Amino acid sequence: MDMKKLLWVALSLALVLGVSESFDFQEKDLSSEESLWDLYERWRSHHTVSRSLDEKKKRFNVFKANVMHVHNTNKMDKPYKLKLNKFADLTNHEFRNAYAGSKVNHHRMFRGTPRGNGTFMYENVDRVPPSVDWRKKGAVTPVKNQGQCGSCWAFSTVVAVEGVNQIKTHKLVPLSEQELVDCDNEENQGCNGGLMEYAFEYIKKKGGLATENSYPYTAEDGTCDTSKENDMIVSIDGHENVPANNEDALLKAVSNQPVSVAIDAGGFDFQFYSEGVFTGDCTTELNHGVAIVGYGTTVDGTKYWIVKNSWGEEWGEGGYIRMERGVPDKEGLCGIAMEASYPIKNSSTNPTPHSSSPKDEL
């Protein structure tokens, strides 16, 4: 490598390291209004957040309050840590409206009796491994980002379908959330929220779901593109619901495939979660769809679920959160055991797409 390239690599590395360092803060950054302003400017630069001068003044006050919450929480002896992520100048109310506002409870209330096959195929499973991580088994695609669109239900659905498809066909195919947002509108409402159960029904009824490559995500409601909608590449044969409020049943299901679940993700600590096993305060007012892709136990004996979120890789542990498992409440932490479901796929083959991209795999 010549000297110019070497210098360029060194400079790039310095920039990367500088950006990552600017993400953290120290006690001295909280010592004065001026140092807090500097911290806010560094945070804005890191996240390329553009604000007008008037807006910056308002946001700075929100940022200050959030900095103190993160700082004070991290000084406590909790099994998880918080950080100043991309949500750091949003109030908790704004955050909940934009990122945890999928109205899952609203849809559940009007749904009536849960649908599905009415059976639970894993009921008689009597032994499960001590830990499972479907990421390591090649059944989970990289973390995605829903943006400011209440489409978490579509992302949760897709994780479960991508997972069962890989388990059956041994091929991991990224699938289209946007098709669900645009086309599955009989009962789901795109960026205004939905239920994973309805989405499984849509995929079964249509005969499959298009790939992400064929029908890419736009983070907004769109008109259903029927030419892409008919480019069905991964099919399922139905879905089942995990018996509600039963973490043991949920464990049996997750030991066999990734599972779609709903949680309360609107808490202050959830907003700034960084790492560790989350044991924070939350309710059972379900407002966000995610997917469990594994489980395990820490060295000190804390049981946890491995949960894939859809807020990008920068949030949490590379886009994931480990949530405490086996809590005394029957609903599970944040209601994680209340609304769990998973797709059924019996075949190791999929329909032939009408016009698949060269990158799409069956």
Side-chain angles (χ1 to χ4, degrees), residues 97-104 107 139-166 171-236 239 258 260-262 265 287-291 293 308-315 319 341 343 345 350-362:
N97 281 346
Y99 297 96
S102 191
K103 305 184 182 76
V104 174
H107 288 279
V140 184
T141 59
V143 168
K144 303 178 186 181
N145 193 343
Q146 70 186 69
Q148 291 191 24
C149 165
S151 55
C152 57
W153 58 273
F155 284 83
S156 172
T157 300
V158 162
V159 175
V161 176
E162 288 171 342
V164 76
N165 181 65
Q166 191 278 338
K171 290 183 178 177
L172 185 60
V173 183
L175 298 174
S176 174
E177 293 85 10
Q178 193 65 41
E179 180 187 340
L180 294 174
V181 170
D182 291 353
C183 307
D184 178 19
N185 47 29
E186 193 172 310
E187 290 168 294
N188 285 327
Q189 297 177 327
C191 288
N192 287 314
L195 272 183
M196 291 73 84
E197 272 197 78
Y198 295 154
F200 291 139
E201 289 175 3
Y202 164 85
I203 297 168
K204 180 189 176 185
K205 185 178 176 182
K206 288 299 297 183
L209 189 64
T211 64
E212 183 179 38
N213 190 52
S214 170
Y215 204 144
Y217 188 65
T218 64
E220 59 185 7
D221 290 315
T223 304
C224 183
D225 187 333
T226 52
S227 66
K228 294 175 181 176
E229 183 195 30
N230 289 326
D231 187 11
M232 299 172 293
I233 195 162
V234 170
S235 62
I236 59 173
H239 77 279
S260 294
V261 293
N287 51 35
H288 189 54
V290 290
V293 297
K308 186 183 185 186
N309 202 352
S310 51
W311 294 341
E313 291 183 355
E314 186 269 336
W315 180 87
S341 55
K345 183 173 179 64
N350 282 303
T352 302
H354 293 291
S355 57
S356 64
S357 155
K359 292 183 181 177
D360 295 342
E361 283 189 272
L362 281 175

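The shown structure was predicted, so the numbers you read here are calculated from the model rather than taken from an experiment.
- Defined by atom type and a distance below 3.5 Å, a donor-acceptor pair is missing between the side-chain atoms of Y198 and Q189.
- Checked against side-chain hydrogen bond (donor to acceptor under 3.5 Å, both in side chains), S260 has the following partners two or more places apart in sequence or in another chain: S156.
- In this structure, N145 has no side-chain hydrogen bond (donor to acceptor under 3.5 Å, both in side chains) partners at least two apart in sequence or on a different chain.
- Between the side chain of Q178 and the main chain of T218, a donor-acceptor pair closer than 3.5 Å is present.
- Within the model, atoms CH2 of W153 and CD of E177 stand 10.0 Å from one another, a figure rounded to the nearest 0.5 Å.
- In this structure, the separation between CG on L175 and OG1 on T211 is 7.5 Å, given to the nearest 0.5 Å.
- Side-chain contact between K345 and N165: present, with at least one pair of heavy atoms (C-beta onward) separated by less than 4.5 Å.
- Side-chain N/O atoms of E197 and H239 include a donor and acceptor closer than 3.5 Å.
- The shortest non-hydrogen separation linking N287 to A100 is CB-O, 3.2 Å.
- For the residue pair D182 and Y215, a side-chain donor N or O sits within less than 3.5 Å of a side-chain acceptor on the partner.
- Partners of Q148 by side-chain contact (heavy atoms from CB on, under 4.5 Å), not counting sequence neighbours, listed by chain and number: A98, Y99.
- Residues that satisfy the side-chain hydrogen bond (donor to acceptor under 3.5 Å, both in side chains) test with E162, not counting sequence neighbours, are T141, K144.
- Remark: V140 pairs with W134, R135, V293, K308, Y320 by the side-chain contact (heavy atoms from CB on, under 4.5 Å) rule, at least two apart or across chains.
- Counting only N and O atoms by type, the side chains of S151 and Y217 include a donor and acceptor under 3.5 Å apart.
- Every residue two or more places apart in sequence or in another chain was checked for a side-chain hydrogen bond (donor to acceptor under 3.5 Å, both in side chains) with S176, and none qualifies.
- A donor-acceptor pair is defined here as one N or O able to donate and one able to accept, closer than 3.5 Å; such a pair exists between the side chain of N350 and the backbone of S235.
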